[in-house]
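Working notes, beginning with the structure itself.
Computed from a predicted model, the values in this text were never measured in an experiment.
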Amino acid sequence: MSEREISPNDRTEARKRVDSELLEDALDLERETNRLSVVGEPTRFTILYLLAEEEQVRSGELAQLLDRRQNDLYHHLNALEDAGLVEKFRDGGSRVYELSPLAEGFVPQVLDAVRARARAV
C-alpha cells in the first residue's frame with residue numbers, strides 16, 4: 001500500500017479520531033462539512049461577509065448590493081439558513097437577514113483569516 005492510499009480500517013480509525021478529538025462526540029461530521037461547503041460558495045460567502053459587516057440586511061438591499069434579483073438570492077439564503085448560518089425575520093413587508101449565533105462564533109474568524117492572507121500577499 002502506498003503512502004497516499006488509506007485502507008478502510010485506517011479511514012475508520014481516522015473518523016473515530018475526528019469524532020472524538022475534534023468534534024468531541026458532540027457534533028456530526030456530515031453536518032459540519034456540509035456547513036463548510038455552504039460557506040465555500042462565492043455568493044454565499046459574500047452574503048456572510050455583508051451580514052458580518054452590517055449585522056442586519058434586508059433582502060432587497062442584498063439583491064441591490066449583489067446586483068441580483070431577490071428571487072435569484074433566495075436559494076442561497078435558504079441554503080445558509082438550512083446550514084444554521086443565518087436567521088431571518090420580517091420587518092413590515094421585508095425579510096431581514098442576520099448571522100445566526102452559530103455563525104457569529106466562527107464567520108468573523110474566517111473573514112479575519114482571509115483578510116490576513118490578503119494583507120500578507
Side-chain angles (χ1 to χ4, degrees):
M1 179 181 300
S2 75
E3 257 183 20
R4 302 193 91 197
E5 293 177 24
I6 299 174
S7 76
N9 288 340
D10 291 341
R11 220 172 278 136
T12 301
E13 184 61 31
R15 174 63 189 264
K16 287 178 186 176
R17 286 187 59 192
V18 168
D19 286 341
S20 67
E21 296 171 16
L22 178 65
L23 303 176
E24 299 183 2
D25 294 320
L27 299 176
D28 178 71
L29 181 61
E30 283 78 22
R31 178 87 169 134
E32 297 308 309
T33 56
N34 177 63
R35 186 171 286 124
L36 292 172
S37 175
V38 168
V39 170
E41 196 282 329
T43 299
R44 296 175 194 153
F45 187 88
T46 303
I47 290 169
L48 291 172
Y49 170 78
L50 294 169
L51 294 177
E53 292 296 309
E54 304 295 326
E55 295 185 17
Q56 295 179 343
V57 183
R58 294 177 183 280
S59 58
E61 293 173 285
L62 281 172
Q64 183 178 13
L65 289 166
L66 293 163
D67 196 25
R68 305 275 286 274
R69 292 185 358 209
Q70 276 181 267
N71 288 341
D72 295 339
L73 291 179
Y74 286 136
H75 85 276
H76 292 293
L77 291 163
N78 288 338
L80 289 165
E81 188 174 15
D82 290 346
L85 299 172
V86 301
E87 296 178 343
K88 70 180 177 211
F89 61 92
R90 285 216 172 267
D91 183 20
S94 298
R95 291 181 190 169
V96 180
Y97 290 87
E98 61 190 3
L99 293 180
S100 70
L102 171 71
E104 288 175 348
F106 82 89
V107 167
Q109 293 173 343
V110 169
L111 298 175
D112 287 345
V114 171
R115 189 175 289 115
R117 285 195 59 233
R119 289 180 180 149
V121 174

Interatomic distance, Thr43 atom OG1 to Leu73 atom CG [nearest 0.5 angstrom]: 7.5 Å
Between Ser100 and Glu87 (side chain of the first, backbone of the second, donor and acceptor by atom type, cut-off under 3.5 Å), is there such a pair? no
Mind checking whether Asp19 and Asp28 have side chains closer than 4.5 Å, heavy atoms only? no
For a 4.5 angstrom cut-off between non-hydrogen side-chain atoms, does Arg15 reach Leu29? yes
Spacing of OG belonging to Ser59 relative to CG belonging to Leu77, to within rounding of 0.5 Å: 7.5 Å
Leu85 and Leu99, any side-chain heavy atoms less than 4.5 Å apart: no
Donor-acceptor pair, side chain of Ser20 and main chain of Lys16, under 3.5 angstrom: yes
Kindly determine whether Leu22 and Leu27 satisfy side chain to side chain contact (heavy atoms under 4.5 Å, CB included), including the steps that lead there. CA-CA 9 Å; Leu22 178 65; Leu27 299 176; over 6 Å; no
Val96 vs Lys88 side-chain heavy atoms within contact, under 4.5 Å: no
Is a side-chain N or O of Glu54 found less than 3.5 angstrom from the main chain of Gln56, in a donor-acceptor match? no
Looking at every non-hydrogen atom in both residues, tell me the closest pair between Val57 and Glu61 and how far apart they are. CG1-CB, 3.6 Å
Arg68 backbone acceptor or donor facing Asp72 side chain under 3.5 Å: no
Rounded to the nearest 0.5 Å, what separation is found between the CG atom of Leu50 and the OH atom of Tyr97? 14.0 Å
Which atom pairs, one a donor and one an acceptor, fall under 3.5 Å between side chains of residues 101-121 and the rest of the protein, sequence neighbours left out?
unit_1, atom_1, unit_2, atom_2, d
Asp112, OD1, Arg115, NH1, 3.1

Examine Leu36 and Phe45 and state if one hydrophobic cluster contains both, with Ile, Leu, Val, Met, Phe, Trp and Tyr joined whenever side-chain heavy atoms are less than 4.5 Å apart. no
Could you check whether atom CD of Glu32 has more than 12 heavy atoms from other residues, nucleotides or ligands sitting under 6.0 Å from it? yes
Does the side chain of Arg58 come within less than 4.5 Å of Arg95's, by heavy atoms? no
In the structure I gave you, are the side-chain heavy atoms of Arg44 and Val39 within less than 4.5 Å of one another anywhere? no
Asn34: side chain to side chain donor-acceptor pair (under 3.5 Å) partners, not counting sequence neighbours: none
